[in-house]
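To keep things clear, I will list the structure first and then write my remarks on it.
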Protein chains: 2
Amino acid sequence: MPRVVDHDQRRAELSLAVWRVVGERGLDGLTLRAVAEAGGCTTGRVVHYFADKEALLAHAREIMHRRMTERIEALPVGAGPRERLRAVLLEGLPLDDERRLLTTVWAYFLIAAHGSAVLRAEHDRRHASWIERLTGLLRAAYQRPPADLDLRVRGLVALLDGLAVYAVTTPHTYPPELLVRTLDSHLELLGVLP
Amino acid sequence: MPRVVDHDQRRAELSLAVWRVVGERGLDGLTLRAVAEAGGCTTGRVVHYFADKEALLAHAREIMHRRMTERIEALPVGAGPRERLRAVLLEGLPLDDERRLLTTVWAYFLIAAHGSAVLRAEHDRRHASWIERLTGLLRAAYQRPPADLDLRVRGLVALLDGLAVYAVTTPHTYPPELLVRTLDSHLELLGVLP
DNA sequence: CTGTTAGCGTAACGGCTGTTACGTAACGGG
DNA sequence: CCCGTTACGTAACAGCCGTTACGCTAACAG
C-alpha cells in the first residue's frame, strides 16, 4: 500500500473549501478550480475524491447538516423547555462566523431546490425533520399547547428562516442583534419567552 | 424610417420570457438562447434590445417589481385597515400562477443579492420600502400600536417571505391553503385578524 | 419607384466549465 | 531493495456561454 491518507478528512477539507467558495462567490461561482484554490490544491485532488461535481456538492451539504445537528446536540441540557427552544432557534440564525457560513450554504441549497427534483426531495426530508423537532420543543414550551400548534410551528420556522435568508443576503441591514430581538419579540408574542 | 416596433413592448415581452425561463430552469439555466426560445425568437432580437445580459436581467426585475406594485395598488379600497393589511400581505404570497412566477423570480434575486453589491443595494432599497409600507399598514391595524411595532413588522415580513420562499422551492409541501392559514394564524396572534 | 435604415436571424469567436487521460512521485509490502 | 499501487499535479478536450460581426429583409421618406 502506498501513501496513506485519511479519505474522510480529505473529503471534509474539500467540503469546507466548498463552503468558503459558496460563501464568497455564491453557487454560480463554485467551480472545481475555485474549490481547489480554496483548498490549497489542484483539481487533481478534488476529482480524485469525488466522482463528479454533484457528488462534491452533495457531500458538502451532508457535512453542513451534520455540523448543524452537532451544534444543536452540543447545547447544554438541563435548562427549562423555553430556554431550550430559544437556544435551538438561535442555532438557526447566522450569529457568528461559522453559522453565517453554514446558513449561507443552506440558503443557496434552499433556492437550488427549485429546479432540481433531487435537491428538492432532500430539502423536504430535512425540513420535515426540522418541523418535527420544533413541534416537540414548542409543545413542551407551552403549559397548555394551542389548538393550532402546527400552524404556530410553521410560522415560527418561516420567520426564523426568513430572517436567516435576510441576514445572509443583507447582513448590514440585519445584524445579529436585530435578528435576536425580532425572534424574542415573536417568542414573547407566542407566550413562550423564557 | 424602416419597420416600426414598440421598443417598450418588445422589452416587456423579453422580460416575460426571462421570468418563464427562471421559473422553469432557475437563474443558472437562464441563458440568452433560452430566453430567445421562450420568447419565440433568436438571440439576435434579445441582444438588439439589451446591451448585455445584465441589462436584460435588470429590466426583467424592474418589470417584476412594477407588476407587484401594480397588483397591490389595484386592490379594492374602502375596506378596513385590517382587511387592507391582510390583502396586501396575501399579494406577497404565491397563491396563483402569476404570483408564483413573480415570487420565484423575486426569490432568485434575493439570494443573488449575496455576492453582488449592485443587486444587494437594489434589494435593500426595495426591502426598506416594503418594510415602510407594512409598518404603516400594521400601525393602522392596531387600535393601540405596541411599543415594539418595528420588530413586529420585521417578524411579519420575515414570516411572509420565509413562507414565500418555501412555497417556491417546495410547493407541494406548502400549498396555497397552508400559506394562508399560517399567515392568518400569525395575524390572529398579532391581534390584527379582520 | 428607389434608397436608406431599423429589425433581427445567422454564425463565428474566445473564454470558462466539468470531465477525462496521462504522467510522476512517494510510500509500504514482499 | 524493489515493485505495485495510490495520490495528485498537469494538460488536453468537448461543450456551452456571452458577445460581436455580418448580412438580409422589409418598410417608410422622398
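Heavy atoms only: backbone and side chains are in, while hydrogens, waters and symmetry mates are out. Just so we're on the same page: letters track the sequence lines, and every chain starts at 1.
- When the side-chain nitrogen and oxygen atoms of A/Arg10 are compared with OP1 and OP2 of D/dA7, none of them lie within a distance under 4.0 Å.
- Against DNA chain D, the stretch residues 27-43 of chain B makes heavy-atom approaches under 4.0 Å through B/Leu30, B/Thr31, B/Leu32, B/Arg33.
- Within 6.0 Å of CD in B/Glu13 there are more than 12 heavy atoms belonging to other residues, nucleotides or ligands.
- Each side-chain hydrogen bond (donor to acceptor under 3.5 Å, both in side chains) pair with one or both residues in residues 178-194 of chain A, not counting sequence neighbours, appears once here: A/Arg86-A/Asp184, A/Glu177-A/Arg181, A/Ser185-B/Asp148.
- Looking only at distances, no side-chain donor or acceptor of A/Arg154 sits under 3.5 Å from a matching main-chain atom of B/Leu179.
- The interatomic distance linking A/Asp6 (CG) with D/dA7 (P) rounds to 11 Å, in whole Å.
- With respect to the salt-bridge test (charged N to carboxylate O, under 4.0 angstrom), the residues B/Glu122 and B/Arg126 qualify.
- Contacts between residues 45-58 of chain A and DNA chain D, defined by a heavy-atom separation under 4.0 Å, are made by A/Arg45, A/His48, A/Tyr49.
- The nearest whole Å value for the distance from the CG atom in B/Leu14 to the P atom in D/dG18 is 14 Å.
- Contact annotation: A/His7 side-chain N/O to D/dT6 OP1/OP2 distance is not under 4.0 Å.
- We find that B/Arg67 and B/Glu98 are joined by a salt bridge, their nearest charged nitrogen and carboxylate oxygen being less than 4.0 Å apart.
- A salt bridge is absent between A/Glu24 and A/Arg20; no separation between the charged side-chain nitrogens and carboxylate oxygens falls under 4.0 Å.
- The existence of a salt bridge linking B/Asp150 and B/Arg139 is excluded, since no basic side-chain nitrogen approaches an acidic carboxylate oxygen closer than 4.0 Å.
- Counting heavy atoms from C-beta on, the side chains of A/Val88 and A/Leu137 come closer than 4.5 Å.
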